[in-house]
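Computed over heavy atoms, backbone and side chain alike; hydrogens, waters and symmetry mates excluded. Here the structure is a predicted model, which is why all the values come from computation and not from measurement.
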Amino acid sequence: MTSPLKSRSLTRPRHDRWIAGVCAGLARRTGLSAGTVRLLFVLSCLLPGPQFIAYLILWALMPNE
C-alpha cells in the first residue's frame with residue numbers, strides 16, 4: 001500500500017492559485033486546505049527567516065500541472 005502523500009505529485013495547479021500557486025500545490029500535496037497553507041505562510045513571514053526566498057525557489061522549481 002502506498003502512502004497518500006506519495007500518490008500526489010508536487011505541482012502548481014492551473015486553477016485555485018492566487019500568485020504563483022505554490023501554496024495551493026503544497027496544500028494538495030499535504031492534504032490541507034489552500035487557505036490554511038496561505039495563512040501559515042503569511043504568519044510565517046512575520047517571523048525572521050528566508051520564507052519569501054523559499055517561496056521564490058519553490059515557484060521556480062515546481063512545475064505547472
Side-chain angles (χ1 to χ4, degrees):
M1 182 172 185
T2 62
S3 168
L5 290 179
K6 291 191 181 217
S7 65
R8 296 182 213 127
S9 62
L10 185 59
T11 59
R12 294 183 293 126
R14 293 187 188 273
H15 306 291
D16 191 30
R17 61 164 58 171
W18 282 11
I19 297 174
V22 172
C23 290
L26 289 172
R28 283 187 181 180
R29 173 71 179 179
T30 60
L32 298 171
S33 72
T36 302
V37 175
R38 289 178 185 126
L39 179 65
L40 290 172
F41 175 73
V42 169
L43 291 176
S44 75
C45 285
L46 299 174
L47 301 170
Q51 294 87 340
F52 187 70
I53 294 172
Y55 187 90
L56 292 176
I57 291 170
L58 285 172
W59 186 358
L61 294 179
M62 286 174 63
N64 280 325
E65 272 185 329

Test your reading of the model: is there a side-chain donor-acceptor pair from R38 to the backbone of C23, 3.5 Å cut-off?
no
From R29 atom CZ to T11 atom OG1, the distance as rounded to the nearest 0.5 Å:
10.0 Å
Same cluster or not: are L39 and I19 linked, directly or through other Ile, Leu, Val, Met, Phe, Trp or Tyr residues, by side-chain heavy atoms under 4.5 angstrom apart?
no
L40, V22: one ILVMFWY side-chain cluster at the under-4.5 Å cut-off?
no
Return yes when atom CG of L43 has more than 12 non-hydrogen atoms of other residues, nucleotides or ligands closer than 6.0 Å, and no otherwise.
yes
How close do G25 and P13 get, heavy atom to heavy atom, and via which atoms?
N-CD, 3.7 Å
For residues 50-64, tabulate all N or O donor-acceptor pairs below 3.5 Å that involve a side-chain atom, not counting sequence neighbours.
{"unit_1": "Q51", "atom_1": "NE2", "unit_2": "S44", "atom_2": "O", "d": "2.7"}
{"unit_1": "N64", "atom_1": "OD1", "unit_2": "R12", "atom_2": "NH2", "d": "3.2"}
{"unit_1": "N64", "atom_1": "OD1", "unit_2": "R17", "atom_2": "NH2", "d": "2.7"}

